[in-house]
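On a predicted model such as this, the values are computed, not experimentally measured, just so you know. Just so it is clear, the values below take in all heavy atoms, side chains as well, and ignore hydrogens, waters and symmetry mates.
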Amino acid sequence: MKDELIISLMILTMGIGLPLLITTVRGKEEPNMAPVIKQTFNELTVTVIYDNYPAQAGFTTAWGFACVIQGTENTILFDTGGDGAILLANMAKAGIDPEAIDLVVLSHQHWDHTGGIYHVLHTNARVQIFLPQSFSTHFKQDLQRYGAELIEVHDAVEICPGVSSTGDLAGPIREQSLVLQTPKGIIVITGCAHPGIAHIIQWATALFPGDLLLVMGGFHLMNDNEALIRNVVSQFRELGVRYVAASHCTGDRARQMFAQEYQHHYLPVGAGTVITLKELP
């Protein structure tokens, strides 16, 4: 009897120790995701690495978007721009080592957001890649050749403590965005906002009720007329967005209208811009 008990305990212990590989992450339609706010978020930094708008001297601009998030439990690269050589050169200029990247989050399957991933994987294949489940099988298989771990996202899910995906939201192009929970409120980062920037913000606040500190990234308003853009700006105000940092596919007219409305709470970002939590009172 004693021997049988020892054997049973050994089997149980071995079972607990086995690694679990998750390739598809599913949450709930309305996930109960309690805020997880780390004190390290006081050191939160978001660096725009790739953008078609200029900001800092020495950074190359090109159509697309990518940013690096530091100060969370994991260092995150959100999108990779369209040209890997430009991405890595701008990372070097910003003093960010590609091998320090822990997680890569891809917003949607357009070349100007995924084109740089191969250069990243040549340098650092140990990363975890969070991508919408709607990405093509061919693209997923192509990335798996490098040995990186792919994690397919369907519904809203926490990626690391205090950082969550909105889930693979429906739109003209399916897309996920990032939501960062900070002591000052949530930060929403979008790639192109194809599901609609106002819809993404509303969904983010449904997941994490509270103050909307900052919305940044591409808003995909470049082809919209003034009336439509004005309506979006009004929705930002109604939703309580405190700071706006519009870039990439937002368009010049929309950027100007946001700047006029938000004044010193509008951040004119581009390649090389660094946003820190301390600078957002």
Side-chain angles (χ1 to χ4, degrees), residues 24-31 33 46 48-52 63-69 76-82 87 103-117 128-140 142-143 150-159 163-180 186-208 212 214-224 228-229 232 235-236 239 241 244-251 254 269:
T24 301
V25 177
R26 283 181 174 270
K28 301 178 181 178
E29 288 300 321
E30 296 181 1
M33 304 173 72
V46 181
V48 179
I49 296 297
Y50 199 111
D51 201 276
N52 37 280
W63 186 260
F65 185 76
C67 67
V68 172
I69 302 157
I76 302 168
L77 173 62
F78 178 73
D79 282 344
T80 63
L87 176 73
L103 310 176
V104 175
V105 179
L106 299 178
S107 62
H108 63 294
Q109 195 177 347
H110 276 173
W111 67 271
D112 53 331
H113 295 259
T114 64
I117 186 63
Q128 288 182 315
I129 303 174
F130 288 80
L131 75 177
Q133 192 178 41
S134 57
F135 271 49
S136 69
T137 300
H138 173 75
F139 185 86
K140 296 171 189 174
D142 204 28
L143 295 187
L150 298 189
I151 300 176
E152 299 180 36
V153 174
H154 184 270
D155 301 316
V157 67
E158 186 175 70
I159 289 174
V163 182
S164 300
S165 165
T166 58
D168 190 2
L169 299 182
I173 303 294
R174 297 191 68 92
E175 184 172 342
Q176 69 172 334
S177 300
L178 279 185
V179 183
L180 282 59
I186 66 170
I187 295 174
V188 179
I189 305 178
T190 65
C192 267
H194 287 290
I197 184 61
H199 171 65
I200 292 171
I201 299 170
Q202 290 167 345
W203 179 242
T205 55
L207 293 172
F208 305 105
L212 266 167
L214 168 68
V215 178
M216 67 174 293
F219 299 169
H220 213 272
L221 300 172
M222 58 186 179
N223 296 320
D224 290 349
L228 289 173
I229 296 170
V232 173
Q235 291 182 73
F236 269 59
L239 290 166
V241 178
V244 176
S247 63
H248 181 39
C249 57
T250 304
V269 300

To the nearest 0.5 Å, what is the distance between [atom1] ([X]) and [atom2] ([Y])?
| X | Y | atom1 | atom2 | answer |
| --- | --- | --- | --- | --- |
| Leu221 | Leu228 | CG | CG | 9.0 Å |
| Trp203 | Phe208 | CH2 | CZ | 10.5 Å |
| Leu103 | Phe78 | CG | CZ | 13.0 Å |
| Asp155 | Gln133 | CG | CD | 8.5 Å |
| Asp142 | Leu150 | CG | CG | 10.5 Å |

Could you tell me if the side chain of [Y] sits less than 4.5 Å from the side chain of [X], heavy atoms only?
| X | Y | result |
| --- | --- | --- |
| Ile159 | Leu178 | yes |
| Glu152 | Leu131 | yes |
| Met216 | Ile189 | yes |
| Ile201 | Gln235 | no |
| Tyr50 | Asp79 | no |
| Phe65 | Asn52 | no |
| Ile69 | Val163 | no |

Exercise. In terms of ring plane angle, is the pair His194 and His220 parallel, tilted or perpendicular, where the classes change at 30° and 60°?
Worked result: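 Tilted.
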Looking only at heavy atoms, what is the nearest atom pair of [X] and [Y], with distance?
| X | Y | answer |
| --- | --- | --- |
| Thr80 | Gly115 | OG1-N, 3.7 Å |
| Ala193 | Gly218 | CB-O, 3.4 Å |
| Thr250 | Ser247 | OG1-O, 2.7 Å |
| Pro132 | Leu106 | CD-O, 3.2 Å |
| Ile117 | Thr114 | CG2-O, 2.9 Å |
| Leu239 | Leu212 | O-CD1, 3.5 Å |

For this session: Test Ile49 against Leu87 for side chain to side chain contact (heavy atoms under 4.5 Å, CB included), laying out the working first.
Result: CA-CA 7 Å; Ile49 296 297; Leu87 176 73; 3.6 Å; yes
Is a side-chain N or O of [X] found less than 3.5 angstrom from the main chain of [Y], in a donor-acceptor match?
| X | Y | answer |
| --- | --- | --- |
| Gln128 | Ile151 | no |
| Gln176 | Phe130 | yes |
| Ser177 | Thr166 | no |
| Ser165 | Gly167 | yes |
| Gln109 | Phe135 | no |

For this session: Apply ring-ring contact (aromatic ring centres under 6.0 Å, His included) to Phe219 and list each qualifying residue two or more places apart in sequence or on a separate chain.
Result: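 Residues passing ring-ring contact (aromatic ring centres under 6.0 Å, His included) with Phe219: Phe236, Phe258.
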Problem set entry | Those residues that, when tested against His113, pass ring-ring contact (aromatic ring centres under 6.0 Å, His included) (two or more places apart) | His108, His248
